[in-house]
Amino acid sequence: MTSDNDHNSKDEQPDRRQFIKGASCVIGAAIGAVPMAAGVRVALSPLVDKEAAEGGAMIRLGDLGDLETGVPMKFAIVADKSDKWTRYKDVPVGAVYLLKNEKDEVTAFNTVCPHLGCFVDYRSKEQDFFCPCHDSNFALDGKMKRGVSPRGMDTLELELRNTSEVWVKFQRFKANSKDKIAIS
Ligand code: FES
């Protein structure tokens, strides 16, 4: 025999799961910008704070020699922010994957999923990028493999300066749009 409460708790479970997934998207977009995993590099913006915090700044993330061939490495982006009264130091504003190939060519991706803004993980065993919020898979070149994301991962403009310095233009893009539209 089941009570109404039993029914309710069973009926509510999918909703709760959906809520948790949705909440993790929002949390990811809001505060999960800097991954906590060991080995994540932190790049402090050398440019104007406001520009770095809002996106669109060229930021030096490291040197070619820092990157392992064929293995995406994640770099956290932090910048100083301020409001009318307070200045906040080293606020997480996003993260970037850098992937170097055998020819020393480097591709940069924003780590945010183009669907609804969760953070995409690199999975070494599967050799792919994976968004846990709604199970979207991306190949290492950023192209969609399967899932609900309307486009592949967003690449970022990258420059090699002085032959080995890796500089990336950190930008955000419109979520859930087929087209890649910069919003900062
Ligand atoms: S946020 Fe939905 S698949 Fe990534």
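Both ligands and their constituent atoms are indexed starting at 1 by order of listing.
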Peer 1: Please test Ile59 against Phe75 for side-chain contact (heavy atoms from CB on, under 4.5 Å), starting from the C-alpha separation and ending with a verdict.
Peer 2: CA-CA 11 Å; Ile59 301 172; Phe75 289 76; over 6 Å; no
Peer 1: Taking the six-membered ring for Trp and the single ring otherwise, decide whether the centroids of Phe109 and Phe129 are under 6.0 Å apart.
Peer 2: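 Ring centroids of Phe109 and Phe129 are less than 6.0 Å from each other.
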Peer 1: Find out if the SG atoms belonging to Cys113 and Cys131 lie under 2.5 Å from one another.
Peer 2: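 No - the two cysteines, Cys113 and Cys131, have SG atoms at least 2.5 Å from each other.
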Peer 1: Mark up the atoms of ligand 1 that fall under 4.0 Å of a heavy atom belonging to Ser136, in ascending order.
Peer 2: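 In order of numbering, the contacting atoms are 3 (S).
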Peer 1: Using a strict cut-off of 4.0 Å, indicate which atoms of ligand 1 neighbour a heavy atom of Cys131.
Peer 2: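 Reading through ligand 1 atom by atom, the close ones are 1 (S), 3 (S), 4 (Fe).
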Peer 1: Any N/O/S atom, side chain or main chain, of His115 closer to atom 2 (Fe) of ligand 1 than 2.8 Å?
Peer 2: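 Here the distance criterion (N, O or S atom, under 2.8 Å) is met by His115, so yes.
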Peer 1: Take atom NZ in Lys174; do more than 12 heavy atoms of anything else shown fall under 6.0 Å from it?
Peer 2: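 No, NZ of Lys174 has 12 or fewer neighbouring heavy atoms, counting only those of other groups under 6.0 Å.
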Peer 1: Quick one: which residue pairs count as a salt bridge (charged side-chain N to carboxylate O under 4.0 Å, His left out) with a foot in residues 123-132, not counting sequence neighbours?
Peer 2: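 Sorted result for residues 123-132: Arg123-Glu126, Arg123-Asp128.
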Peer 1: With respect to atom 4 (Fe) of ligand 1, please indicate if Cys113 possesses an N, O or S atom at a distance under 2.8 Å.
Peer 2: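 Coordinating: yes.
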Peer 1: Restricting to N, O or S, what is the name of the atom of His134 that lies nearest atom 2 (Fe) of ligand 1?
Peer 2: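 Of all N, O or S atoms in His134, atom 2 (Fe) of ligand 1 lies closest to ND1.
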Peer 1: Could you tell me which atoms of ligand 1, counted from 1 in the order shown, lie closer than 4.0 angstrom to a heavy atom of Leu116?
Peer 2: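 Listed by number with element: 1 (S).
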